[in-house]
Each structure stands twice: as C-alpha cells, then as structure tokens.
Protein chains: 2
Amino acid sequence: MLSLKKVIPPSVVKRLPRYFSCVQSLNAKEIEWVSSSELADLLGLTSSTVRQDFSCFDFSGISKRGYNIVGLQKMLVEILGADMTWKVVVVGAGNMGRVLALHEEFVRCGFDVVAVFDADSEKHGTKVGELKVLPMSDLAMIVESQGVGMGIIAVPAAAAQDVADLLVDAGVKGILNMSMRNIITPNDVSVTASRIVASLQQLSHCVLFSCGKKKK
Amino acid sequence: MLSLKKVIPPSVVKRLPRYFSCVQSLNAKEIEWVSSSELADLLGLTSSTVRQDFSCFDFSGISKRGYNIVGLQKMLVEILGADMTWKVVVVGAGNMGRVLALHEEFVRCGFDVVAVFDADSEKHGTKVGELKVLPMSDLAMIVESQGVGMGIIAVPAAAAQDVADLLVDAGVKGILNMSMRNIITPNDVSVTASRIVASLQQLSHCVLFSCGKKKK
DNA sequence: TAGATTGTTAATCGATTAACAATC
DNA sequence: TAGATTGTTAATCGATTAACAATC
C-alpha cells in the first residue's frame, strides 16, 4: 500500500475529498495541468494552502506548469481508497436511514450498503430498495460474514452510543455518525460526523447575526 | 434581538448545535445544573474549551454549581434562532433532495420545507410528500411570496453554482450546500456545507491509514 | 470555613498565509 | 533567457489547553 511522506493532518484530510472531486471534473474536461492558484480559486482556498497540502503527498508538481491532473487523481484515489469498494451497513431505518441505503451516489463512490438494521420490530422485513430491514441481533453476524468495514449511525441521539458499541464489537473499523450525540470508540475505530440539522442550525445563527465571511 | 458579548468565532459556532442538543436532553431528564467538565465529557471536549466557549455568551455559571440548564438552553435557543421557524426550499429532487424535503426532523427543529425544485421537466408535478416538484423558473416567485430564508442545494456539482446564484438572486440569506462544488456568494449570504460522501471518503482514508485519535 | 468550579489570562499548539530561492 | 510556478521556510493567525485568582 501507498506510503505517505507523513501523517496527513486532519485539516488537510477534510479537504481531500474536495480536491478529488475537483480533479475528477477537470479530468472529465480533459484538462491536463492545473496550478495551485487555479485549484485554490476553484475550492475557495489560497495557493499557499494547496501547495502546503500537497507537500504531504509523495507527488510533485512542475514549475511553470503546475500539477498533472491524471497523476494527482491517482494519488488522491490511493490516499482516499477511492479505488476500492467498502461494504457498509446502515443502522436506523427511519427517513434518513432509508435514503442513505438507497443513495445511488454511494455506489458510484465505492460504498456498498449491504444491510439496514433497526431496533423497531415493526420495521423488520419491510423493504428498503432491494434490502430488507433486519433486527439488531443480526448485525454482528452480517458484519462478520460479509466483511463490512463501516457503519452509518442514523438513529436518535439517545441510541447512538449503544449502536456504536454494537458496531465496534461486530468489528467495523469506521463509523459515520449522523446523530447529534458524541460517540466514544476505541482508538482503532475512526469516526467522522455529518449532521445535517446541525449545519442548518449553524446557518441559522450565521444568518441571524450576519456572521460575515472574511473580507478579501 | 439578543446582543452578543462578541462575535462568536467559527470554531465555537460549529459546537453550538451540539451544546444545544446535549442541553435539551439533560433538560428532558430534569437535570438542573451541569458543570463545564460534565459537558466536556458528554461532548468529547475539555472543560477549558467549554468555559472559553461560553464566555462568548451573555450568560454566567455559578461557582461550585456550574451552569443552569434552563438558562443555558434559553441562551442557546436565542443564539441559534431555534425558537423561530425558517422557511426553506430544496433544489434538486433526486434521492437526497427528496429525503431532505421529507425529513421530519427538520420540522421538529424549525425548518419548514415549503417547496422542492428541479431542472428536469420529467420530474415536475411529481409528488414529494405533500409537495409537488416545481420548475426552477418558479423559484424566485416562491422565495419572495413565501418569505423563504434558506435554500438547500442538493444537485450535482456541475449545477451547484448556478443554483446558488438563483437562490441568491431570489433573496435567500442562507444556503446549505450538499454538493461537492465550492460555491461563491455575496458577503451577506451565509453558506454552510454538509457533504455525506465527503465524510465517508474522509473516513475511508482514516481507516486505511489508521489515523489515530489524539491519545489521552 | 474548605473545597469545587467559574471566568479569564497566559502558554501552547496547529493551521494558514506570506515570502522567496529553486527550477523548469 | 525571462517569467511563472513550485516547494519550503518563516511569520502570522486562530483555536485549544493550562493555570490560577476570584467566588460561591
């Protein structure tokens, strides 16, 4: 596997998917080279940040031309593991859980939802696309037998930690937490959070108090 | 309207919805007081951060007891505008757009989706819950006539900036960007991003390269 | 009172930006 | 060559943590 020049700091990791998306679309336009300042403009960053970020990778640009799109894309694919398919389970078959399980963009990006679980027995057996909602008691078995690497927590805050514990015990190595609750996991299980309502609430504050953007 | 002691820094704004959620659940348990270190434990922060954060508000704790839950909740409600109802439009009636429009949690949190738009005329008139999918040409009219304050962008990256421009022209003051594309808006229009696939890709990297958490 | 916890100041840490020699 | 753009070092900025006097 790819060895990195150094551990990529969290601030940079957060930008990687955006670089990747941008590079994909430049590649689709058959553009071959991009400079740090062009990328910066596209992503709302400074060229300094872009060059600083790329210095983490084992990949170099060329003076006067910038970065080769194809090479950059290959590097990002490796760093993000975008060339592999992850098996994923969704816990929580509410509105959010159902969407996630159906989300065709996931498949396109290499995230394959293999099962949906819910604690509510009323929901067991009901269909979410191709999948049937399963009871929580099947979780460990499915994760192990199918080699599931990630779990998505789409349950109410009150249940989130219990679900996280189940996922960890079952053996997943990554958790996407969509609940409001902070969850605690062992050091070898990574967690990222994505909270849509929280984003709307932030926005609400910013609108009310006109939190400006930094002036240029 | 509430006046703040000072502008709340972005790092703090990001935590406000989590404080709020936590305080709501403590309140539901009829707990009356909470200390900075208890809150820190619940949210995975340090007590220093909690106290530093709260120093932005016009709200004080009491030595030896901590912070009064009801008072804290009131303060956060005002800061987040959680006591008001925002009218919101969703642009993009794909998988993600439909979910968002149906998401019952939004209503509970004061975000009322009043219309869904899509550029694809095949989708016009089809139902998303109670709502019919409308053509983009109706956007300005609906935003103005209904007093819509926020828009949610749930379209592919390539269309995101155009949609943002439409929303801005129509008069929304906040945009939740769920697309991968960076969008540019005038200074008086706030933007927050929430990208689920990006979160999964971050997670993917962290799992592959075992990005540890900071050791305690 | 004695002890716990706040509010705030100062120190540390990490992220971003600026600057510029190296280089194509 | 001349000029543009990288890669990297140093400076700045902002966020987090530590420390402690004030206080209930």
Side-chain angles (χ1 to χ4, degrees), chain A residues 4-16 18-19 23 26 31-72 75 182 202 205-206 211-216, chain B residues 4-16 18-19 23 26 31-72 75 182 202 205-206 211-216:
Chain A
L4 296 170
K5 279 168 95 172
K6 51 181 173 180
V7 170
I8 302 184
S11 56
V12 179
V13 172
K14 270 195 302 185
R15 286 190 285 269
L16 295 178
R18 296 175 59 212
Y19 286 124
V23 163
L26 291 170
I31 292 169
E32 284 184 60
W33 297 89
V34 67
S35 70
S36 55
S37 58
E38 285 165 337
L39 267 175
D41 287 347
L42 288 168
L43 296 180
L45 307 169
T46 66
S47 65
S48 252
T49 300
V50 172
R51 291 198 301 280
Q52 194 71 276
D53 286 357
F54 288 6
S55 72
C56 302
F57 316 158
D58 190 16
F59 175 78
S60 291
I62 294 178
S63 288
K64 244 195 120 170
R65 279 200 283 182
Y67 302 90
N68 177 265
I69 295 278
V70 172
L72 190 51
M75 180 60 40
N182 179 57
Q202 274 177 56
H205 167 80
C206 292
C211 302
K213 283 170 276 197
K214 47 195 136 179
K215 52 267 155 206
K216 276 266 166 70
Chain B
L4 296 171
K5 279 168 95 174
K6 51 180 171 180
V7 170
I8 301 183
S11 57
V12 180
V13 172
K14 270 196 300 185
R15 286 190 284 268
L16 295 178
R18 296 174 59 212
Y19 286 124
V23 163
L26 291 170
I31 292 170
E32 285 183 60
W33 297 88
V34 67
S35 70
S36 56
S37 56
E38 285 165 337
L39 267 177
D41 288 346
L42 288 168
L43 295 180
L45 308 169
T46 66
S47 64
S48 252
T49 300
V50 172
R51 292 197 302 280
Q52 193 72 276
D53 286 357
F54 288 6
S55 73
C56 302
F57 315 157
D58 190 16
F59 175 76
S60 291
I62 293 177
S63 288
K64 244 194 116 167
R65 279 200 283 181
Y67 302 90
N68 177 266
I69 295 277
V70 172
L72 190 51
M75 181 59 40
N182 180 57
Q202 273 177 58
H205 168 79
C206 292
C211 301
K213 284 171 276 196
K214 47 194 136 179
K215 52 269 153 207
K216 275 269 166 69

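As the structure is a prediction and not an experimental result, all values here were calculated from the model. Computed over heavy atoms, backbone and side chain alike; hydrogens, waters and symmetry mates excluded. Residue numbering restarts at 1 for every chain, and letters A, B, ... go by the order of the sequence lines.
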*Checking side chain to side chain contact (heavy atoms under 4.5 Å, CB included) for the pair A:Leu39/A:Leu72: CA distance, chi angles, key distance, verdict?*
CA-CA 12 Å; A:Leu39 267 175; A:Leu72 190 51; 4.1 Å; yes
*Could you walk me through whether A:Leu42 and A:Leu26 pass the side chain to side chain contact (heavy atoms under 4.5 Å, CB included) test, one step at a time?*
CA-CA 11 Å; A:Leu42 288 168; A:Leu26 291 170; 4.2 Å; yes
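If you take CG of A:Leu72 and P of D:dT6, they are 11 Å apart, rounded to a whole angstrom. The interatomic distance linking B:Trp33 (CH2) with C:dT6 (P) rounds to 11 Å, in whole Å. As a whole-Å value, the separation of B:Leu39 CG from C:dG7 P is 12 Å. Distance, A:Phe59 CZ to D:dT5 P: 16 Å, rounded to whole Å. Atom-to-atom, CZ of A:Phe54 to P of D:dT6 comes out at 10 Å; the value is rounded to the nearest Å. If you take CG of B:Asp58 and P of C:dT6, they are 18 Å apart, rounded to a whole angstrom.
Taken to the nearest 0.5 Å, the CG atom of B:Asp53 stands 11.0 Å off from the OG atom of B:Ser36. Distance check: A:Ser35 OG to A:Lys64 NZ gives 13.5 Å after rounding to the nearest 0.5 Å.
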_Nucleic acid footprint by protein, nucleotides 19-24 of chain C - heavy-atom cut-off 4.0 Å, B for base, S for sugar-phosphate alone_ = B---BB
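No engagement by B:Ser37 is indicated, since no non-hydrogen atom pair under 4.0 Å with the nucleic acid exists. Residue contacts shown for B:Ser36 are limited to sugar-phosphate atoms, with no base heavy atom under 4.0 Å away.
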Write out a two-atom table: protein N or O, nucleotide N or O from nucleotides 11-15 of chain C, distance below 3.5 Å.
residue: C:dA15; atom: O5'; partner: A:Ser11; partner atom: OG; Å: 3.2

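The minimum heavy-atom distance between A:Ile69 and A:Ile31, with the atom names listed, is CG1-O, 3.4 Å. The minimum heavy-atom distance between B:Ser55 and B:Gln52, with the atom names listed, is OG-O, 2.6 Å. Residues A:Asn182 and B:Gly44 approach most closely at ND2-N, 3.4 Å, considering heavy atoms. Contact detail for A:Ile8 and A:Phe57: the closest heavy-atom pair is CD1-CE2, 4.2 Å.
Side chains of B:Thr49 and B:Leu43 form no contact here, defined as non-hydrogen atoms less than 4.5 Å apart. Between A:Cys56 and A:Pro9, the closest side-chain pair of non-hydrogen atoms falls below 4.5 Å. Contact check for B:Val23 versus B:Tyr67: no side-chain heavy atoms found under the 4.5 Å cut-off.
Along DNA chain D, the nucleotide closest to A:Ser35 and the one closest to B:Gln52 are compared, and the more 5′ of them pairs with A:Ser35. Across the interface with DNA chain C, nearest-nucleotide mapping of B:Tyr67 and A:Asp53 shows B:Tyr67 to be the residue nearer the 5′ end.
At distances below 3.5 Å, not a single donor-acceptor pair connects side-chain atoms of A:Arg65 with backbone N or O atoms of A:Trp33.
Using a 4.0 Å cut-off, no side-chain N or O of A:Ser60 falls inside it from OP1 or OP2 of D:dT6. For D:dG7, neither phosphate oxygen OP1 nor OP2 lies less than 4.0 angstrom from any side-chain nitrogen or oxygen of A:Ser55. Dashed line: the shortest gap from a side-chain N or O of B:Thr46 to OP1 or OP2 of D:dT17 is under 4.0 Å.
Over its length, the helix from C:dG3-D:dC24 to C:dC24-D:dG3 turns its helix axis by 10°, as judged from the five terminal pairs at each end, rounded to 10°.
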